[in-house]
Structures are given as structure tokens and as C-alpha cells.
Amino acid sequence: MQGLYAIFKKELRDHFTSYRFVILFALIAMVSFISSYMAGIHMRENLEGMSGVKFPFLLLFSSTGALFSMIQFVSFFGPLIGLVLGFDSINRERAHGTLIKLVSQPIYRDAVINGKFLAGVVTISIMLISIVLVISGFGLALVGVVPGIEEIWRIIVYLILSIFYISLWLGVSILFSIFFKGIATSALASVALWIFLSFFVSLGADVLANTIVPIGNANETTPEDVIKNYRIKETTARFSPMVLYSEATATIIDPMQKTTRTSDLINLRMNPMEEMLSSRFENPLTLGQSLLVVFPHTTALIAITLICFAISYMVFMVQEIRT
Amino acid sequence: MDNQTIIKTSNLSRRYNGQTAVDDLNFEVKEGEIFGFLGPNGAGKTTTLLMLLGLSQPSSGSAVVCGMDPIRQSKEVKRLIGYLPENVGFYGDLNAVQSLEYVANLNGLKGEVVARKTDNLLDLVGLKQDAKKKVAAFSRGMKQRLGIAEVLIKDPKVLFLDEPTLGLDPDGALRIIDLIESLNKDQGITVVLSSHDLHQVQRISHRVGIMINGKLVAEGSIDSLAKEKFGVGEKEYSLEEIYMKYFREG
């Protein structure tokens with residue numbers, strides 16, 4: 001334990017004093033701030049004259065004011081935080097000849113990797129929590145709405161999910177820093193994987209679905225085809241952690257969302273009259289129900305994070321360290 | 001001198017994908033001695049040291065270090081052995097005191113003890129004036145001395161020094177060698193010293209071992225090795241001549 005704590009402390013200190021952390025934090029804080037500000041401005045206009053708006057506070061995070069919402073932004077660029085914090089964690093020590101010094105101290109070898117991972121997770125948590133708190137405070141002043149108990153709980157669940165999501169990428173980058181001896185190589189590899197999983201998988205899902213079940217011609221496609229096409233697209237896209245995370249957080253932050261599916265498929269089965277009726281009597285889900293809806297997503301995200309860390313752990317434990 | 005064996009290997013071997021780095025190694029280091037561990041680059045000296053520390057798994061054979069098995073009791077062994085690797089690295093953005101404190105924390109030392117030890121050790125290795133200087137600005141000799149201070153902070157029984165004088169100017173090398181000798185004399189620390197600086201090794205070592213191509217070809221006092229090879233004692237032949245003779249025949 002002594003070794004773990006010493007390494008944890010040193011890593012945390014390194015994170016908070018490094019320029020890359022300061023730059024990244026400034027960037028993320030700025031963008032989140034702006035997107036929430038935009039959301040706040042638009043909210044005033046949109047909510048004017050409306051009555052019975054449920055959970056206005058959460059709109060601060062979820063409404064796409066100008067270009068994107070705060071939660072969309074985190075799902076797109078949050079992984080960068082994880083990658084930047086971890087991509088050189090092991091191979092930098094190796095290159096500088098400090099890794100052999102670390103492991104020749106009376107500590108268990110896993111203390112090195114555990115300490116580094118923990119320090120990263122704590123850094124990520126502090127970053128996210130402070131951003132969300134600042135936005136909340138800002139929202140209080142700007143919009144003048146006070147969050148209810150349920151809204152606070154939803155924000156907490158959102159934070160936990162986000163910490164796991166970003167830690168997943170931290171785990172990936174630490175894994176690459178163990179695999180690749182070159183610091184630049186591991187940085188490039190982790191960014192490449194991030195781009196692939198976050199952007200190309202969703203594109204590929206479209207292509208795959210349309211190849212297997214083409215739905216181009218409106219006359220020949222049956223509703224069954226459309227559903228099949230959608231199912232393939234959905235399943236493939238969920239290989240991307242970003243899709244998993246976005247679907248999960250969108251459902252958590254927006255209680256009106258009853259499923260993680262996008263609305264066009266649901267609308268397909270209703271005629272306009274039904275749709276109008278259903279929206280009139282629409283009520284928000286309770287937090288428990290929302291959690292239940294995203295339970296598979298949450299489990300998958302946490303599982304991927306743990307698997308990633310477990311692989312790094314195993315590789316590092318059996319690796320020969322000479323320098 | 002106390003004659004108890006502190007390190008003993010029996011048929012210690014290490015093979016890397018078909019190549020044998022360390023081949024059936026049998027040698028002993030006695031408590032309180034300076035053991036000169038010699039051999040050409042790539043002879044397997046570092047691999048042997050890593051196996052004795054429990055950082056590398058032997059392919060076969062075993063070792064006993066301070067009465068313990070370095071594989072099973074790696075943590076306990078590492079508590080007693082200070083290992084200064086060849087080309088030891090430092091965190092450039094820390095100063096000398098912070099570097100020492102970090103190593104002290106890794107060894108489970110806390111609070112006032114750390115400050116006192118850090119102070120004493122910097123004094124011992126002659127880095128007191130540079131205590132607040134960033135390690136990145138240190139010369140090679142200063143880094144080596146800081147490295148020695150770092151391995152001493154755990155109060156080791158045995159020191160493994162892998163090429164501590166490599167690339168140092170004559171004055172810097174001499175300071176390191178004198179430091180090693182005084183540590184051995186004043187504190188009774190056993191030292192395993194791997195070095196190519198044969199002249200200095202001859203000056204301070206009690207016994208030497210010569211390793212060539214993974215095999216230990218000679219072990220004993222310099223005097224006995226000289227007698228074995230040339231028939232006369234150490235007075236007539238330097239360690240360099242003895243070493244070259246073993247090397248050519250090896």
C-alpha cells in the first residue's frame with residue numbers, strides 16, 4: 001500500500017502541474033461553459049410562455065443551444081482527456097530509465113500501474129465534477145431555476161458514467177503505453193483507436209446495414225426491412241463506446257426519453273394522431289426507470305473499462321523490465 | 001572480515017528465445033565484502049543482478065539472497081538490496097531533495113525521518129549545495145552520486161552497482177569509488193560492483209568474479225586468480241592483465 005500511495009501522490013502532482021493538463025482543462029471548461037451559456041440563453045426564449053416544463057435544470061446540459069450540448073461535447077472530446085493523461089505513463093518512465101528504479105524499490109509491481117490509473121481517475125473526476133458544478137452555479141444565476149432532488153441525482157449518475165467513460169480511454173492509453181516503447185507511437189495509436197471507434201464505427205454501421213438490408217427504394221421496402229436495417233445499424237454502432245455512452249447519458253439527463261432508440265423508429269409505427277395523443281400524455285420516467293433503461297449500456301461501459309485495465313495489468317506484470 | 005555467505009546462486013540460468021544469457025551460474029558473495037563483478041558487455045551481468053533482485057525470472061536454477069528466495073520474497077529482498085542500474089534515470093523536474101523523498105516514500109519512510117535521512121545522504125554524497133537544483137541540470141557525476149544516495153535511503157545490507165563510473169571523468173569516477181569504499185568500510189555494506197574500470201576495481205575489491213558469455217570463468221581474490229593464471233601473486237600482475245588473459249582464453 002505504501003508504494004501505491006507514494007506513486008499515486010507523485011502522479012497526481014505531475015498531472016496537476018503539467019501544462020498539458022492545464023491546457024486541456026482550460027479548453028474543456030471553456031467549451032462546456034460556452035455550450036451551457038448558449039443553452040441557457042436559448043432556454044429563456046424557448047421556455048417563455050410555456051407552463052409545466054419538467055426538469056428545466058437538466059436542459060442546461062442536454063439542450064443543443066448553438067451547435068452541441070454539454071453532454072454531446074463530453075462524449076466527443078472527453079476521451080481526449082483520458083488519452084492525454086495516459087498515453088506516455090509507462091513508456092516515458094521506460095525511456096527515462098526511471099521504471100527500473102521504481103520496480104527495484106520494495107513495492108509490488110502492480111502498485112506502479114494501479115497508482116498511475118488511480119491518479120488518472122481522480123484527475124478526471126476532479127475535472128468533471130468541477131466543470132459540472134461551475135455550470136450548475138452558472139445556470140442558477142443565468143436561468144434562475146433551482147435543481148430538484150431528482151435532477152441532482154441524475155447529474156450525479158451522469159458524472160459517474162462520464163468518469164467511467166473517460167477512464168476507459170485512460171485505460172486504453174495506459175495499455176498502449178505499455179505495449180509501445182515509443183511515446184509518439186502510443187499517442188498516435190490511441191488517437192487512431194479513438195477516431196476509429198468514435199467516428200468510423202457509426203459510419204460503418206450505416207454502410208453495413210444498408211448492404212445487408214437495402215432500404216433505398218420506398219416502394220419495395222417493407223416495415224420489417226426498415227426495422228431489420230435499424231437493428232443491424234444499432235447493434236453495430238454499439239460497438240463504439242461513444243455510442244453506448246451517448247445513448248446512456250442522453251436517457252439519464254433527459255427523463256422524457258423512454259428508450260435509448262432514436263425517435264424515428266418509434267414514429268414509424270404511429271400515425272400522426274397517435275403521436276399527438278402520446279405526446280400529450282407523456283410523462284417523464286422516474287430515475288429508477290431511466291436507470292433500468294440504460295442498465296445494459298452502463299454495464300457494458302463499466303465492463304469495457306475494467307477489461308481494458310485488466311489487460312494492461314496482466315501485460316505489465318509479466319513484462320521484462322530492464323531499463 | 002565476516003565470512004558468512006550473503007548471496008549464493010546454484011545453477012542459475014536464463015535463456016531468451018534460444019539464446020543463453022546466463023549459463024549455470026554458481027557463485028557466492030560473502031557478507032561485508034566488495035565483490036568485483038567483471039565481464040565484457042553483454043556477458044549477462046545485468047541479467048544476473050536482475051535475477052538476484054527478483055525482477056527477472058530464472059529459466060532454471062535458484063538463488064538465495066540474504067537467506068531469501070528473490071522470486072518468492074521479491075519485496076523483502078528489494079527492501080535489503082539497493083540497486084543502482086546502469087544509466088539510472090531521474091525525474092528531471094524534481095530537485096535532489098524531492099527525488100530522494102520520492103524514493104524514501106516508496107520505501108515506506110514518512111515524516112521527519114525522511115527529512116533527516118535526505119539531509120544526511122546529500123551531505124554524504126556531496127550534493128548539499130545542489131539540494132534545491134533540478135535534477136535535469138545535474139552533471140553525469142552528480143546524477144550518479146544522487147543515484148547512490150537514492151539506493152542508500154533504505155539502509156541496504158547489499159548494494160548492486162551496475163557500472164556506476166561509466167562515462168564519468170577521472171575525478172568523478174574516483175569520487176564514486178571512494179564513496180563505495182567508505183560505505184563498505186564505515187557501514188559494513190556488502191557491495192557487488194560491476195565495472196570496466198579495472199584499475200579502480202582492483203583497488204577496492206576483496207574478491208572478483210569474471211563472467212564471459214553467460215559463464216563465470218573465474219571467482220576469487222585477485223591474488224589467487226593471478227596465481228592460477230601466472231603462477232605469481234597480485235603484486236606482479238594487474239587485474240587488467242589477468243582479465244585479458246581470461247578473456248582471450250574464455
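- Atom CZ in B/Arg79 sits 11.0 Å away from atom CD1 in A/Ile107 (nearest 0.5 Å).
- The shortest non-hydrogen separation linking A/Val103 to B/Lys78 is O-NZ, 2.7 Å.
- Environment of CZ in B/Phe27: crowded, with over 12 heavy atoms of neighbouring residues, nucleotides or ligands closer than 6.0 Å.
- Residues B/Tyr102 and A/Ala6 share a closest heavy-atom pair of CE1-O, 3.6 Å.
- Environment of CZ in A/Phe73: crowded, with over 12 heavy atoms of neighbouring residues, nucleotides or ligands closer than 6.0 Å.
- For B/Tyr91, the parts lying under 4.5 angstrom from a heavy atom of chain A are both the backbone and the side chain.
- Contact residues of residues 130-144 of chain B toward chain A are absent (heavy-atom distance under 4.5 Å).
- The number of heavy-atom neighbours closer than 6.0 Å to CZ of A/Phe200, taken from other residues, nucleotides and ligands shown, is 12 or below.
- Neither the backbone nor the side chain of B/Ser74 comes within less than 4.5 Å of any heavy atom of chain A.
- Within a 6.0 Å sphere centred on NZ of A/Lys181, other residues, nucleotides and ligands contribute more than 12 heavy atoms.
- A 6.0 Å sphere centred on OH of A/Tyr108 holds no more than 12 heavy atoms belonging to other residues, nucleotides or ligands.
- A/Arg109 touches chain B through its side chain: at least one heavy atom from C-beta onward sits under 4.5 Å away, while N, CA, C and O do not.
- Counting non-hydrogen atoms of neighbouring residues, nucleotides and ligands closer than 6.0 angstrom, the CZ atom of A/Phe239 reaches no more than 12 such neighbours.
- Of the candidates B/Leu106, B/Val88, B/Leu84, B/Val88 is the only one forming a side-chain contact (heavy atoms from CB on, under 4.5 Å) with A/Lys101.
- No side-chain heavy atom of A/Lys10 sits less than 4.5 Å from a side-chain heavy atom of B/Gln98.
- How far CD of A/Gln105 is from NZ of B/Lys154: 4.5 Å, rounded to the nearest 0.5 Å.
- Between chain B and the residues A/Thr17, A/Ile7, A/Leu4, A/Asp14, the most heavy-atom pairs under 4.5 angstrom are made by A/Ile7.
- Of the atoms belonging to B/Glu76, not a single heavy atom falls under 4.5 Å from chain A.
- With sequence neighbours excluded, the residues that form a side-chain contact (heavy atoms from CB on, under 4.5 Å) with B/Ser194 are B/Phe37, B/Lys45, B/Asp162, B/Glu163.
- Within 6.0 Å of CZ in A/Phe25 there are more than 12 heavy atoms belonging to other residues, nucleotides or ligands.
- Here the CD1 atom belonging to A/Ile100 is positioned 7.5 Å from the CG atom belonging to B/Leu53, to the nearest 0.5 angstrom.
- Remark: A/Phe138 CZ is packed, more than 12 non-hydrogen atoms of other residues, nucleotides or ligands lying under 6.0 Å away.
- Contacts of B/Glu86 with chain A are absent, with no heavy-atom separation under 4.5 Å from either backbone or side chain.
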